[in-house]
Trainee: 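There's a structure below that I have some questions on.
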Amino acid sequence: QVQLVESGGGLVQAGGSLRLSCAASGRTFSSSTMGWFRRAPGKEREFVATQYRSGGGTYFVDYADSVKGRFTISRDNAKNTVFLQMNSLKPEDTAVYYCAAGAQRRLSYTWWDYDSWGQGTQVTVSS
């Protein structure tokens, strides 16, 4: 497993930006599939973004339709950190955001594909 610690959440006005960070330790980070999920009050955990690196070194990413074009997942393997850049934030993006890691080496959209989770960081977008 991988130990994950998120940071970077906070309160922002609609239209603003935030960058979430997720520091990882444990299993080889560069080969892990990484994901971001979120849970809004009263709602189920929701997929946000996923990224993995192929054996040839190519990174693949995908996003939920609700954030496509506004959010970007990236990673810095030298720092064992994955990021979620969130732009043009909307009030409906308000949620606790969770970083996740898995060993499946493919894009993964469901929470049960991941075996390691961070503690979550709160993002609140005011209108």
Side-chain angles (χ1 to χ4, degrees):
Q1 288 193 336
V2 179
Q3 290 73 49
L4 303 171
V5 179
E6 301 102 332
S7 61
L11 173 65
V12 64
Q13 288 188 332
S17 298
L18 281 175
R19 188 174 82 155
L20 306 183
S21 299
C22 175
S25 61
R27 179 177 63 216
T28 304
F29 174 75
S30 61
S31 62
S32 295
T33 294
M34 301 301 297
W36 287 95
F37 288 73
R38 66 186 182 187
R39 176 175 284 165
K43 294 188 176 181
E44 297 292 320
R45 181 168 24 187
E46 175 187 34
F47 163 75
V48 175
T50 179
Q51 183 197 62
Y52 91 102
R53 190 180 77 170
S54 71
T58 302
Y59 283 99
F60 294 87
V61 299
D62 203 3
Y63 302 91
D65 287 343
S66 59
V67 307
K68 201 166 289 186
R70 300 188 297 122
F71 290 12
T72 303
I73 185 172
S74 62
R75 72 171 76 186
D76 183 337
N77 287 325
K79 296 182 178 179
N80 282 2
T81 301
V82 64
F83 304 98
L84 185 68
Q85 177 67 43
M86 306 185 295
N87 298 329
S88 303
L89 282 161
K90 305 175 182 179
E92 51 264 44
D93 294 318
T94 295
V96 177
Y97 283 71
Y98 298 90
C99 172
Q104 60 273 35
R105 297 203 180 201
R106 55 177 171 80
L107 297 176
S108 298
Y109 304 86
T110 51
W111 64 265
W112 53 85
D113 282 331
Y114 297 86
D115 58 16
S116 303
W117 292 84
Q119 82 288 352
T121 185
Q122 176 71 48
V123 171
T124 303
V125 185
S126 63
S127 56

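These numbers were taken from a predicted model, which means no experiment stands behind them.
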Trainee: Is Val2 close to Ser25 at the side-chain level, that is, under 4.5 Å between some pair of heavy atoms?
Mentor: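 SC-SC contact between Ser25 and Val2 ruled out.
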Trainee: Atom CE in Met86, atom CH2 in Trp36: separation rounded to 0.5 Å?
Mentor: 8.0 Å
Trainee: Hydrophobic cluster membership, with links at side-chain heavy-atom distances under 4.5 Å among I/L/V/M/F/W/Y: are Tyr63 and Val125 in one?
Mentor: yes
Trainee: How far does CG of Leu11 sit from CD of Gln122, to the nearest 0.5 angstrom?
Mentor: 9.5 Å
Trainee: What's the spacing between Thr110 OG1 and Arg45 CZ if we round to 0.5 Å?
Mentor: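 Reported value, rounded in 0.5 Å steps: 10.5 Å.
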Trainee: Say you draw a straight line from CG of Leu4 to OG of Ser116; how long is it, rounded to the nearest 0.5 Å?
Mentor: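 Spacing of CG (Leu4) from OG (Ser116) equals 5.5 Å.
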Trainee: According to side-chain hydrogen bond (donor to acceptor under 3.5 Å, both in side chains), who are the partners of Gln104, at least two apart in sequence or on a separate chain?
Mentor: Ser108
Trainee: Write out all pairs satisfying salt bridge (charged side-chain N to carboxylate O under 4.0 Å, His left out) with one or both partners inside residues 51-64, taking only residues at least two apart or from two chains.
Mentor: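 Qualifying pairs, neighbours excluded: Asp62-Lys68.
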Trainee: Has Asn77 got a side-chain atom pairing as donor or acceptor with Asn80's backbone, closer than 3.5 angstrom?
Mentor: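 No; zero donor-acceptor contacts below 3.5 Å.
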Trainee: I'd like to check the side-chain hydrogen bond (donor to acceptor under 3.5 Å, both in side chains) partners of Ser74; sequence neighbours left out, ordered by chain and number.
Mentor: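 Listed in chain order: nothing, the list is empty.
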Trainee: Under the rule for ring pair (Phe, Tyr, Trp, His ring centres under 6.0 Å), what residues qualify as partners of Phe37, not counting sequence neighbours?
Mentor: Phe47, Tyr114, Trp117
Trainee: Under 3.5 Å, side-chain donor or acceptor atoms of residues 17-24 against the rest of the protein: list the pairs with distances, not counting sequence neighbours.
Mentor:
{"unit_1": "Ser17", "atom_1": "OG", "unit_2": "Asn87", "atom_2": "OD1", "d": "2.9"}

Trainee: State whether the number of non-hydrogen atoms from other residues, nucleotides or ligands found under 6.0 Å of Arg106 atom CZ is greater than 12.
Mentor: yes
Trainee: Taking the side chain from Thr94 and the backbone from Glu92, do they hold a donor-acceptor pair closer than 3.5 Å?
Mentor: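 The answer is no, because no donor-acceptor pair under 3.5 Å joins these two groups.
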Trainee: Give the minimum heavy-atom separation between Lys43 and Arg39, together with the two atoms involved.
Mentor: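 Looks like O-CG, 3.4 Å.
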Trainee: Please answer: with hydrophobic residues joined when any side-chain heavy atoms are less than 4.5 Å apart, are Trp111 and Tyr109 in the same cluster?
Mentor: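 The answer is yes; both residues are in one hydrophobic cluster.
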Trainee: On a heavy-atom basis, which atom in Ser88 and which in Arg70 lie closest, and how many Å separate them?
Mentor: O-NH1, 2.9 Å
Trainee: So Tyr97 and Arg38, side chain to side chain donor-acceptor pair (under 3.5 Å) or not? Walk me through it.
Mentor: CA-CA 4 Å; Tyr97 283 71; Arg38 66 186 182 187; 2.9 Å; yes
Trainee: Going by heavy atoms in the side chains, are Leu107 and Thr33 under 4.5 Å from each other?
Mentor: no
Trainee: What are the two closest non-hydrogen atoms of Cys99 and Val82, and how far apart are they?
Mentor: SG-CG1, 3.7 Å
Trainee: Could you pull out the closest heavy-atom pair between Gly9 and Val123, with the gap in Å?
Mentor: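 The pair with the smallest heavy-atom distance is CA-CG2, 4.2 Å.
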Trainee: In the structure I gave you, are the side-chain heavy atoms of Leu84 and Phe71 within less than 4.5 Å of one another anywhere?
Mentor: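 Of all side-chain heavy-atom pairs linking Phe71 with Leu84, at least one is under 4.5 Å.
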Trainee: Name all pairs fulfilling the salt bridge (charged side-chain N to carboxylate O under 4.0 Å, His left out) condition that reach into residues 1-18, sequence neighbours left out, sorted by first residue then second.
Mentor: none
Trainee: Answer yes or no: is there a side-chain heavy-atom contact under 4.5 Å between Val61 and Tyr52?
Mentor: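 Heavy-atom side-chain distance check fails, nothing below 4.5 Å.
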Trainee: Quick one: pull up NZ in Lys90 and OG in Ser127 and give me the separation to the nearest 0.5 Å.
Mentor: 14.0 Å
Trainee: Answer whether the closest heavy-atom distance between the side chains of Tyr98 and Val48 falls below 4.5 Å.
Mentor: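 Side chain of Tyr98 against side chain of Val48, heavy atoms only: no contact under 4.5 Å found.
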Trainee: Could you tell me if the side chain of Glu46 sits less than 4.5 Å from the side chain of Ser66, heavy atoms only?
Mentor: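 Sidechains of Glu46 and Ser66: in contact.
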Trainee: Are Val5 and Gln119 packed together at the side-chain level, in the sense that at least one heavy-atom pair is separated by less than 4.5 angstrom?
Mentor: yes
